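Since the structure comes first, as structure tokens, the remarks are kept for the end.
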Protein chains: 2
Amino acid sequence: MGVTIHDVARAAGVSVASASRALSGRRKVTAEVAERVTRAATELGYRPNAIAKALRDQTTGTIGMIVPGIGNPFFTTIVESVEHQLQETGHDLLLCASLYTPEIEARRLNTLLARRVDGLIISPCDFEASAPAVLNAARQVPLVQVDRYIEGGGADWVGVDDDSALAQAVDHVVAGGARSVVFVSSRLMNSSARLRLAGFQLATARAGIASLPPLLGEFTLAWGFEAGQALLAGDALPDAVVCGNDEIAVGLLRALRLGGVRVPEEISVVGFDDVGHAAMCDPPLTTVRQPVEEMAAEVVRLLNQVRVGDPRPAQRIAIAPRLVVRQTSRPVTRGVVTAGAGGTMTGDGQEDKETT
Amino acid sequence: MGVTIHDVARAAGVSVASASRALSGRRKVTAEVAERVTRAATELGYRPNAIAKALRDQTTGTIGMIVPGIGNPFFTTIVESVEHQLQETGHDLLLCASLYTPEIEARRLNTLLARRVDGLIISPCDFEASAPAVLNAARQVPLVQVDRYIEGGGADWVGVDDDSALAQAVDHVVAGGARSVVFVSSRLMNSSARLRLAGFQLATARAGIASLPPLLGEFTLAWGFEAGQALLAGDALPDAVVCGNDEIAVGLLRALRLGGVRVPEEISVVGFDDVGHAAMCDPPLTTVRQPVEEMAAEVVRLLNQVRVGDPRPAQRIAIAPRLVVRQTSRPVTRGVVTAGAGGTMTGDGQEDKETT
DNA sequence: CGGATATTGGTAATCGATTACCAACCCCCC
DNA sequence: GGGGGGTTGGTAATCGATTACCAATATCCG
């Protein structure tokens, strides 16, 4: 460790300025000098110190990203897509998890700002408690929210159109004959939980069916399982359950299976996200697929266009999702056709039928 | 952006040295000065520039970590545990994915070295192709491998005891009456795939049962599904399948279900890792649980003890895993008892029975 | 052949925080 | 009151890469 451009310059018998120029190619040097410098650099194993460069250039070439947790497969797919998009611009990603805790989130924001990231991408864990730290960060550096956002709308956001998503889910189970539908999701500490519940209530009202009291816990397998047991313990099962994400749906399916309830014959279940194992649970899960790649592309596009201090109004970009019909929902009586049992394995799982 | 310690010093009417000392507390200053400096700092919203500090101190307070992919839930749990361990020492984690490609991996190593991370944690994607870049990196900075490692043993490693793991898995299905067992795993480009196959062959030989040709593809749901279809298409099903990881096992279960094969009555399936949804698939998966927290703790401990250039021999730490018996394996005839159907929901899923 | 112009190399400043070193000052005791 | 010991503040160097600015040399044209 520790071979600097001075060492290279000395070995090549030139000044540091010439060495720097030869290596960066930002100004012409004679072929002779270029040759000597590059040879010295490779011989010494010179590796430019990104820290020094960042200090001098006032730019680090890094983007910070904070998500509530990477245990949730939805966030990992978002992270992967964002990383993929950032390749194009030559930026590296600094990834942090807030562990669903506003205090940790604020600390992470501070260390990323101290590290002088060139931009921030965040999915704030709490609709209210995350707001001060996020708004403060947005004042220092370009910042875009993804999936979740904070109250008040002070920063750009890219996410899914939850109203459209829930409308598709509810209309689908209603088309399959459901007259009573219950929504199982997370408590309302974050924007996704709020918007999805609102979208659900709007959709059931419009469809003119009974909207039972929602079951709100967490976006986890464990909560889905628990909610499923609660449903089993109730007087009568609803005709359908719409879930706030796929983890909940999978846990719920497990509880229903243990309770001897057949899906979709006795009850339909619809998930949200379309994570990898949604197609592999039993039965394969009907779910709303988040347009993750498009969202990541929009986030990066917005990030490049944000200028700190520019009083441009905050943008909100909601991308419409698609319902992926698999086998946890009853066939609709007309129109869309559901997937049959089985089928060959293709890229992402079963032969899914998607509504248009 | 851009309030420096000079600004703070000027506002407080002292020199930069006093300001720095007042803020860091590394040397005494009068209460008067301390007070004026801290007030000026908070009023101006001073945030020390970590880049400048890193340049001066020759230490960044960051640890780089490279895993093949964060889509694989095993790697995300390892990452979470490592991050958790690093909290203690006040280090931040710089996370990268190599996308299972040695070239990308080498690039990521280079950018992390250029960013002068204080240490590196890596799960090298390829047993052979990853070796040069990893060994080179290990010469510059403390480096510990986790889970996967490179050939030749030139760098420290922490992982699971695959021989013990496979012995437990094989002995368990044999105790349940299996006489023919097939191993479904990844192609042998990485150490895990190699060690697990070797462990499987050792275990079957010792148990004196038929070891059928292994099916080797990738550590993915899709490959598990495909392998399951291949088994269905064969002449006769084996009595049991041991899988290289849980993703494969879940995909395989799905294929068997579609083929109308009952698990565990007609065939036992054992996974590897015990990721979150292993307990939630149908039936809940019998699997070998990786001791992820212990591994992460060992990795961090080793990393702190490694000194570059120290000719200490490379350490290899293999931690013994535990078999978690759920419902994809036939009850053993004596000794260990399997879990019954159902049970209440506790922390991580079902009421699992674990072998001692 | 002389001077104008283009090109290339070198010196030193810059980015921001830290700290070695020195100077100034205070307090105390003889 | 003066000297010794202890404490506190300031100046400037440091980390490594980049580049503004200047100097030196080469090139070209009349």
Side-chain angles (χ1 to χ4, degrees), chain A residues 1-38 40-41 44-62 110-111 113-118 140-141, chain B residues 1-38 40-41 44-62 90 110-118 140-141:
Chain A
M1 190 109 110
V3 30
T4 77
I5 200 166
H6 285 88
D7 304 327
V8 173
R10 194 171 334 114
V14 297
S15 75
V16 288
S18 300
S20 175
R21 294 200 265 255
L23 292 171
S24 77
R26 238 184 274 282
R27 229 185 74 179
K28 281 229 205 93
V29 290
T30 36
E32 155 84 13
V33 169
E35 151 69 11
R36 285 220 307 275
V37 169
T38 46
L44 296 175
Y46 170 65
R47 196 189 305 280
N49 185 325
I51 302 294
K53 181 171 163 53
L55 180 60
R56 159 77 207 205
D57 293 353
Q58 298 288 303
T59 171
T60 55
T62 55
N110 273 328
T111 64
L113 287 175
R115 291 195 192 290
R116 297 298 194 268
V117 291
D118 296 337
Q140 326 259 325
V141 81
Chain B
M1 189 109 112
V3 30
T4 76
I5 200 166
H6 284 87
D7 304 327
V8 174
R10 195 171 332 116
V14 297
S15 74
V16 288
S18 300
S20 174
R21 295 200 265 255
L23 292 171
S24 75
R26 239 184 275 281
R27 230 185 73 179
K28 281 232 204 88
V29 290
T30 33
E32 155 84 12
V33 169
E35 152 68 12
R36 285 219 309 273
V37 169
T38 48
L44 297 176
Y46 170 65
R47 195 189 306 277
N49 185 324
I51 302 294
K53 181 170 164 51
L55 180 60
R56 160 78 208 205
D57 295 353
Q58 298 288 299
T59 170
T60 54
T62 55
N110 272 330
T111 64
L112 289 175
L113 287 174
R115 290 193 192 290
R116 296 298 193 268
V117 291
D118 296 337
Q140 326 259 326
V141 81

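Values in this document were obtained by computation on a predicted structure and should not be read as measured data. Naming convention: chains lettered A, B, ... in sequence-line order (proteins, then strands); numbering from 1 in each chain.
In this structure, CZ in A:Arg10 is found 9.5 Å from CG in A:Leu44, a value given to the nearest 0.5 Å. The structure places CZ of A:Arg36 at 8.0 Å from OG1 of A:Thr30, a figure rounded to the nearest 0.5 Å. Atom-to-atom distance recorded for B:Arg115:CZ and A:Lys53:NZ is 10.5 Å, nearest 0.5 angstrom. Between B:Thr60 atom OG1 and B:Leu112 atom CG the span is 10.0 Å, to the nearest 0.5 Å.
The backbone N or O of A:Ala114 sits nowhere less than 3.5 Å from a side-chain atom of B:Arg47 that would complete a donor-acceptor pair.
Residue contacts for B:Arg21: at a heavy-atom cut-off of 4.0 Å it reaches a base atom on one of the strands shown. If you check every strand for non-hydrogen atoms under 4.0 Å, A:Ser20 touches a base.
Along DNA chain C, the stretch of nucleotides lying under 4.0 Å from any heavy atom of chain A spans, 5' to 3', C:dT8 to C:dG16.
Proximity of A:Thr4 to A:Asn49: side-chain heavy atoms (C-beta onward) are nowhere separated by under 4.5 Å.
Comparing B:Asn49 and B:Arg27 by the nucleotide of DNA chain C that holds the closest heavy atom to each, the one mapping nearer the 5' end is B:Asn49. Between B:Gly13 and B:Leu55, the residue anchored nearer the 5' end of DNA chain D, judged by the nucleotide with its closest heavy atom, is B:Gly13.
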